[in-house]
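Because the structure is predicted, anything quoted here is derived from the model rather than measured.
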Amino acid sequence: MTIPANARAVVIGGGVSGCSVAYHLAKAGWKDVVLLERKQLTSGTTWHAAGLIGQLRGSANMTRLAKYSADLYVKLEAETGVATGMRQVGSISVALTEHRREELLRQATVARIFGVDVAEISPSQVKEMYPHLNVSDVVGAVHLPLDGQCDPANIAMALAKGARMRGAAIFEHTKVTGVRQAGGRVTGVDYVGADGEPGFIAADVVVNCGGMWGRDLAAQSGVTLPLHACEHFYLITEPVEGLGHLPVLRVPDECAYYKSDAGKMMIGAFEPKAKPWGMEGIREDFMFDTLPEDWDHFMPILEHAMNRMPLFQTSGIHTFFNGPESFTPDDRYYLGEAPELRGYWIAAGYNSVGIAGSGGAGMALASWITEGEPPFDLWEVDIRRAQPFQRNRAYLKERVSETLGLLYADHFPYRQVVTSRGVRRTPLHEHLKARGAVFGEVAGWERANWFARPGQEREYRYSWKRQNWFENQKAEHLAVREGVGFFDMTSFGKIRVEGRDAAAFLNRVCSAEVDVAPGRIVYTMFLNDRGGIEADLTVTRLSETAYLLVVPGATLQRNLAHLRRCLGEEFVTITDMTAAESVLCVMGPKARDLMARVSPDDFSNAGHPFGTAREIEVGMGLARAHRVTYVGELGWELYVSSDQTAHVFEALEAAGEGLGFTLCGLHTLDSCRIEKAYRHWGHDITDEDHVLEAGLGFTVSKKKPDFMGREAVLRKAEAGLSRRMVQFRMEDPEVMLFHNEAIVRDGKIVGPVTSGNYGHFLGGAIGMGYVPCAGESEEEVLGSAYEIEVAGVRHRAVASLVPMHDPKSERVRM
Ligand SMILES: Cc1cc2nc3c(=O)[nH]c(=O)nc-3n(C[C@H](O)[C@H](O)[C@H](O)COP(=O)(O)OP(=O)(O)OC[C@H]3O[C@@H](n4cnc5c(N)ncnc54)[C@H](O)[C@@H]3O)c2cc1C
C-alpha cells in the first residue's frame, strides 16, 4: 500500500490513543483516515502497560468515559477477532483510613449515577475474595464486578484492526516530521516513510496522539501541549502456587495496585515523589524500550507489599519493569482542538490511564471532530485549559514529580499542589501574604483562598468534613454579608475587543444585547448551536468601539479561542489584557461607606447604578469601578492599572477601619455565590447545559434577530424544559457538600450535585444541580422529597428554584 497524498484526517501515533481515535473516526463514517506511526504500533508506552481497566473516577463525565472504554473492550474481540485478553475479573479498592473510605464511597456514588455496578464490601468480604491479603487494618472497600484487566497491546491492535476493517489506512515506520499550516489552519503533514523518503499528506484534520513525544511535536506548530514523561514502575513475581483468579486490587494508601496474571502477581506503584524522565529529549531509536531498574526507589512500596501480601516475602522476582509515561500538570489528559491552530486536534498525556481512558477519549474526540462540538461536557480534559506558560519544561519537570503520586493520594476537596508554585502572582501577593493569606493555585495564578488568623497555622489540614479553615471562611463570609469584604480577583481573564465592528461582532456572539450605552455592563452567555453555554461573562462597553470582557482566569484561553474562531469579516481586534489591570473587589453592605472614604466620586444608586462602570479617583490614583457582584451584595470591582494596585489597596485598607473591612479568600467568594445561586461555569453550567434549563434565560435577548444559539433557545422554549437547575440546602448543618454527590428525588438518584459549598449565612451546606422535569410545573418539581447522597448516606435537603439568599436582589441593588 502506498501512502496517499490526501486524507481527510491524519492521526499521528500508533499507541492505544491513536488507534482508538482512528477506530472511532472510521466508525463515525470517515472514509480516508490515515494513521502514521514512527516505529511499530504500540512501541511507545502502550506495549508495557499493566492493563487495568477501572471505572471508578472522581467526577461524573470521567466516569462516563471510563465506563464506555470498559464496555467497548468487552466487545472488541468478537468484533475484530483479535484476542484482547479483556477479562472482567472485577476490582477491589481498599481503604486503610476513614478519609480514604469516605473518598471511595463518594466515588461509588458518582459511579452509581451512571449505572456502574459498584458495592461497598466489608473487610471480611475482601478477605473472602482476596485470601492472600492482610486485611487487619482495612477499614472499608468497594467492589466493581465489571472492572477488568486486559492485554494493552492487543487492545490497541484490536482497535487498529477495527479501524482498518472500516477503511482506515495504517503505516508503520513513518515518522511525521512536521505539520504544515496556512492562514491559521492545518494543511497537512510532512513525513519520512519506511523507505527513508520524505512525503506529504494534505489534510484538514491532524490528530496528535504522539504520547510523550506529543509535546515537542506540538511545539513545532506553536501548539501548547504541556506534558512530561516520568519513570513508571511495576514488578512481576515468579509463578505463585495456588494464586487463583483474583480481582484487580488497589491499595491507594500504600501507593500500590496488584494484578494476578498467568499465575504470577504484579505490583505497580504510584510513589509520592516520581522520577521525571526524558529531559534531554527521547532517543530517535526508542522502540519497545525499557528504563533501568531502580530498587532503591521501589523498595518503600515493596516493603508495604510484603506486609500487605505476605507472598511477596517468599516469591522470586521475574520482572522489574520501568517504562516512561506522560504526565500532565493536573493529572488529566488532553482532548480537543488546539486553540492556536485550527484542525490541530490532540488526544495525549494520559497519566497512566491511557488504556482505560483511550476507548472513551477516542469516541469523544471522534464525535467532537465530526460534530464540531464535544458529545458532552469535556472541560476537565479540554486542551484549552492549558496555559501558554506551561510549555516551560522546568515547570513541567518539577510538577510531574508530584502529579504521578497524586493519582493514588487522597483526593480531598480543595487539595492544592505543592510543586511548581508561584509562577503567576498579583501585585498584592506580598501584601496578602503578610496578612495571613493561604494561597491556592489556578491556571498558574497564586490566589488567596483563605486568611489565617495571627498565630494560626497557614496550612491546609485536609479532610472530607470541615477543614481547619472552616471558621476562617465563616468569619470572612459573614463580613461580606454584614460589613465589607475585600477580594483580590486579579486572576480574572480580561479581553479587550475593539474596532469599528466590535458591537456588531459581540452582538452576534453574545446571547444578551451588548449594543448598549458606553459605561453599561452586561451579563451574558456565549451559546453554542445546542443552546449550551460556552462561557458566562460580563461585557462592559468602554466606548463606542471598545469593550472589556471579563472571564474566569481558568477559562481565558478557551474564551479567547472561541472569540477568534467566531470572528468573520468584522473589523475587530481581540487582545488579552489580563496582566495590565488588577481587580480589587469591595463587597458588602458597607461597601458604599468604604468607597466614600477613599474617593470623592458619587457611589449612590443614582450616581453609580448597578450594572455600570465609571472612572473614579481612588486614593491618589485612578480606577474604573464596575458595579457588579458575584457574592450577592452591594459592591464594586475596581479595575486598577497594575502599577497603582498596591497604592489603591493600601488606601482601601486604611479607610476600612471601623467598617468591618475584612480580607477574604476565594473559598468565601464561592460560599457566598452559592447562597445566591449564581452559577459557576465548568460546574453548574457547561457547553452541555442549555441556557434555559440552567435558569439563565434572562441573559438571552428576546429582541435580537440573530445571534449564536438563538435557534436552540427558540426550540427549547417551544419544546419545554427537560430539566431544571435547583438549589439545595442541607437540613443537617454538619453535612458537607463539595460537588459530585448524588441528588435523590423521591428515593431515586436523578443526577450529580454540580457544585457545593457551605452557606454560612443560611446555616447549612448548599448544593446546586439539575433535576429532570419533562412536562412538570415548578410546583411539581418542588413538591417532591429531596435528599442528597453523600458517601452512600442520604440526607434531607430543602429545594428551591429561586436563590435562597436575597431572592429579589434587594441587597445587591440597595
Ligand atoms: C508501567 C506502566 C503501567 C501502566 N499501566 C496502565 C494500566 O494498567 N491501565 C492504563 O489504562 N494505563 C496504564 N499505563 C498507561 C498507558 O500505557 C499509557 O497511558 C498509554 O499507553 C498511552 O498511550 P498513547 O497512545 O498516548 O502513547 P504511546 O503508546 O506512547 O503512543 C504514542 C505513539 O506515537 C508515536 N509517535 C510519536 N511521535 C511520532 C511522530 N512524529 N510520527 C509518528 N509517530 C509518532 C510513538 O512512536 C508512539 O508509538 C501504564 C503505563 C506504564 C508506563
Side-chain angles (χ1 to χ4, degrees), residues 426-428 432 445 447-448 476 479-480 483-496 518-524 536-542 547-553 555-556 559 577-596 598-599 601-603 605 607-619 621-642 644-649 651-653 655-656 661-666 668-670 672-673 676 678 680-681 809 811-814:
T426 81
L428 295 184
L432 301 184
W445 281 106
R447 310 194 303 178
E476 294 171 21
V480 173
V484 54
F486 172 91
F487 298 88
D488 179 4
M489 290 308 300
T490 301
S491 61
F492 274 152
K494 299 154 213 115
I495 306 170
R496 198 171 166 104
R520 280 278 309 280
I521 304 169
V522 180
Y523 177 52
T524 182
D536 81 322
L537 64 155
T538 59
V539 173
T540 301
R541 189 161 201 174
L542 300 174
Y547 287 85
L548 183 76
L549 279 50
V550 179
V551 300
T555 66
L556 173 65
N559 303 140
M577 303 291 291
T578 300
E581 286 185 329
S582 301
V583 187
L584 312 189
C585 305
V586 289
M587 295 286 154
K590 300 212 173 122
R592 183 171 283 129
D593 301 343
L594 176 66
M595 292 311 298
V598 289
S599 170
D601 289 282
D602 180 2
F603 293 94
N605 264 335
H608 197 158
F610 185 77
T612 61
R614 302 264 185 282
E615 184 182 278
I616 60 161
E617 293 178 38
V618 48
L622 289 180
R624 205 177 49 256
H626 292 220
R627 187 159 167 208
V628 286
T629 181
Y630 192 51
V631 294
E633 298 295 336
L634 171 73
W636 282 267
E637 291 179 352
L638 307 182
Y639 288 72
V640 190
S641 157
S642 294
Q644 295 168 44
T645 302
H647 167 70
V648 172
F649 170 73
L652 288 166
E653 188 184 41
F661 179 86
T662 303
L663 300 181
C664 299
L666 270 292
T668 295
L669 188 87
D670 192 55
C672 287
R673 74 91 200 164
K676 182 76 171 99
Y678 286 145
H680 182 218
W681 195 90
S809 291
R811 296 169 69 103
V812 170
R813 290 166 192 273
M814 72 188 265

Nearest heavy-atom pair of [X] and [Y]: which atoms, and what distance?
X    : Y    : result
G607 : D602 : CA-OD2, 3.3 Å
R811 : G632 : CB-O, 4.2 Å
T578 : G493 : OG1-CA, 3.5 Å
A591 : G635 : CB-CA, 4.1 Å
G621 : H647 : N-NE2, 3.8 Å
G485 : V480 : CA-CG2, 4.1 Å

Nearest 0.5 Å, please: how far is [atom2] in [Y] from [atom1] in [X]?
X    : Y    : atom1 : atom2 : answer
H680 : L669 : NE2   : CG    : 9.0 Å
L584 : F487 : CG    : CZ    : 12.5 Å
R614 : H626 : CZ    : NE2   : 11.0 Å
T426 : F649 : OG1   : CZ    : 10.0 Å
T645 : D488 : OG1   : CG    : 8.0 Å
M489 : M587 : CE    : CE    : 9.5 Å

Do [X] and [Y] touch side chain to side chain, with heavy atoms closer than 4.5 Å?
X    : Y    : result
N559 : L549 : no
I521 : V550 : no
L652 : V586 : yes
D593 : V484 : no
T629 : L634 : no
T540 : K494 : no
F492 : T538 : no

Is a donor on one side and an acceptor on the other found under 3.5 Å between the side chain of [X] and the backbone of [Y]?
X    : Y    : result
T490 : V583 : yes
S642 : A580 : yes
T612 : R520 : no
R496 : M577 : no
E476 : G665 : yes
Q644 : L622 : yes
R624 : Y639 : no
S599 : E617 : yes

TODO: Apply side chain to side chain contact (heavy atoms under 4.5 Å, CB included) to the pair R447 and L432, showing each step before the final yes or no.
DONE: CA-CA 9 Å; R447 310 194 303 178; L432 301 184; over 6 Å; no
Open item on the list: Below 30° counts as parallel, above 60° as perpendicular, anything between as tilted: where do the rings of F603 and W636 land?
Closed with: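 Geometry flag for W636 against F603: perpendicular rings.
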TODO: From the options Y523, W681, Y678, select the one residue that forms a side chain to side chain donor-acceptor pair (under 3.5 Å) with D536.
DONE: Y523
